[in-house]
Protein chains: 2
Amino acid sequence: MREVVVLGVGMHRFGKFPETSLRELAGEAGRGALRDAGVSPRDIQAAYFANALAGLLTGQESIRGQVALREVGVAGVPIVNVENACASGATAFHQAVLAVGSGSCDIALAVGAEKMFVGDTGRTIQALAASADVELTQDMGLQFTAIYAMRIQRRLKSGALTLRHLAAVTVKSHRHGRLNPYAQHQKEVTAEEVLASRPIAGPITLLMCSSISDGAAAAVVCSADVARRREAAAPPIRILASELRSGAFRSGAEEELSTAARTVRAAYEQAGVGPEDISLVECHDATAPGELLYYEDLGFCKPGEAGRLLDEGATAIGGRIPFNPSGGLTSRGHPVGATGLAQIAEAVWQLRGQAGPRQVTSARMALAQNSGGWLEGDSAVGAAHIFAV
Amino acid sequence: MREVVVLGVGMHRFGKFPETSLRELAGEAGRGALRDAGVSPRDIQAAYFANALAGLLTGQESIRGQVALREVGVAGVPIVNVENACASGATAFHQAVLAVGSGSCDIALAVGAEKMFVGDTGRTIQALAASADVELTQDMGLQFTAIYAMRIQRRLKSGALTLRHLAAVTVKSHRHGRLNPYAQHQKEVTAEEVLASRPIAGPITLLMCSSISDGAAAAVVCSADVARRREAAAPPIRILASELRSGAFRSGAEEELSTAARTVRAAYEQAGVGPEDISLVECHDATAPGELLYYEDLGFCKPGEAGRLLDEGATAIGGRIPFNPSGGLTSRGHPVGATGLAQIAEAVWQLRGQAGPRQVTSARMALAQNSGGWLEGDSAVGAAHIFAV
């Protein structure tokens, strides 16, 4: 496959925007990515549109991208609607990379957008449940926060983590989010506030959870050859790895890896790097304590040492390996189909040195890890991308 | 892009199967394609799953493919859910071709499945309307049959077509469908029956319409290099062109081409062939009279001459350029997400000489043309594939 680079990224702020439609959210992010890349709508030769819930929440199914991307001025070219639950955004990006990598086109656009505020939170939560195997889960009343809670409880029982850690990682998330103008929550919280906030699924409290959110993010990718021939304001960002995996997989090995771990290991292998080479991580903390599990799963510390890594300050901005300088899903917000592309936008801004007050110093290589859905006890989808300047 | 071939295809018969779930439909088609290709589930390195309506009709959104493909034994590898209205099936196939073509994998699976009988026809028709721009159409009461009817009426008024032609192309469709064991309708009809059947949207009658249908179809593609190293029961089928386009495009030229015409012209160009090289066509006759429009749009006769081409018998099995030997959407049935892959399965069977009583003699090259959705007066999606032995 030929080399593919990121030419530009764009975002619509995540948050509650009752007056803004899905296509307007997508339009702002898409136009931003084109402007950042220095390309016109006519330059885009293929587009991938990620959205998970519009069919159930707005009734717009099937041709969501063809409808929304008119706001960006993209029409006529191949447009493919992709859906992989909370990993839809990274999936769309992965497909854009394959399209350019195959040589079928030179410049492609990936846009992820989600409109979750539809005036009825119950309906939004019901739609989110469609990211699991509904035939199995619909009668169990099981939803995502409960699944996360069970995984965290196991660590609390074993003594590997304490409630103090759950609060501290949430405080860190909000401290980072306060520095991000695209974040839904831009306000610091204290450990006491975190623990005292409304219980959602013990031990997880409201402030530990990513919020229902509207938003969009986008990226323009192109072949390295074409990028070299262009005059760009910012240097193109190299894509060292673009990996996608699915769950419900049994390797037969004694120690089964999680979907996220398998995906990120494949990405390290594709890039020829290891966790020690990474400058920053955007990980899929649908609840803030979930980030602690990823420290271990993604290879940044040994099993059982996540609490210590956090306590040392290693994963805060200014630390050895900052996690979620953007605020992550917990503070930036989690408009399902947009999240994967927002992680990628953050990686690009960090590697270019454009992240303002949340800039990670000397950022040379970034990992973006996106998860989606639920299948047989693990994520149904894993996506991992490694970027470098 | 490196060369990609079709190694195997499979189908679940189209029709009304109230006892069969989406995953069971997909499972039978997927397993059939693997068996036909002579590969095991473990050989599949990436999968694309096409479905348009399950979110709205069954509540299973987001991870439809990850859920359904467990029936085929495919897990762990990249699985991407794609959605492009009635062109979802050909879109999934196109993505599988890009994945193999890019070199990111050697063998990929595309499955299209749809479950439209959910015990409430009104709900199915409502879900189908989500394939248009719902913000624009929901208050107009406009649906697909009405759109087709308006296009046909224009031809009737100009004298280019007569009611006799509309009946005759429907009779031909059902005559072909009777020979196809995978078709929903396997019964011949007379011109009198067609014209006397219930009016749907004048001049279109019930027997002219594709039916609500359950069904699935699948294909295994692989790199030509890998295919050469395999012992296969049937020879691999070459993919000369794989093109996808979107509507809402204005070229600025005086004579605007339809989405279908633009897509098929691009496919001819990619393959380096013209209509005169094609042995048979599977076209998107969501209503039987629509096939007459494609004779002209796809370059098989001059504008205004579709009626004559039909009258000559050129487009029937045994004629110069058979259209829809499978029975097409009208007689085979139209389970939305499965249709594009069913067209491709038919093309493969025909080119291998495995089409039984509906075999087109000396079939050397086949065109499969799939359309989807509705946007600003034309199809929102066009897909075209050209295959050769």
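Throughout, protein chains are lettered first and strands after them, A, B, ... in sequence-line order, and every chain is numbered starting at 1. Reckoned from all heavy atoms, side chains included, excluding hydrogens, waters and symmetry mates.
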Working to the nearest 0.5 angstrom, can you tell me the gap between I63(B) CD1 and E83(A) CD?
10.0 Å
Is [X] close to chain B through its backbone or its side chain, or both, or neither, when contacts mean heavy atoms under 4.5 Å?
X	value
F49(A)	neither
R262(A)	side chain
V77(A)	backbone
I79(A)	both

Between [options], which has the largest tally of heavy atom pairs under 4.5 Å with chain B?
options	result
C86(A), A248(A), G103(A)	A248(A)
V336(A), N81(A), L98(A), T263(A)	N81(A)
A54(A), G76(A), G247(A), G101(A)	G76(A)

Donor-acceptor pair, S246(B) side chain versus Q66(A) backbone, under 3.5 Å?
no
Taking every non-hydrogen pair under 4.5 Å, which of [options] racks up the most with chain A?
options	answer
A266(B), A75(B), S88(B), G373(B)	A75(B)
V80(B), N51(B), T259(B), L53(B)	V80(B)
V74(B), L375(B), T91(B)	L375(B)

Could you tell me if the side chain of Q95(B) sits less than 4.5 Å from the side chain of V82(A), heavy atoms only?
no
Are there over 12 heavy-atom neighbours, none belonging to R123(A), within less than 6.0 Å of that residue's CZ?
yes
For atom CZ of R265(A), decide whether the heavy atoms of other residues, nucleotides or ligands shown that lie under 6.0 angstrom number more than 12.
no
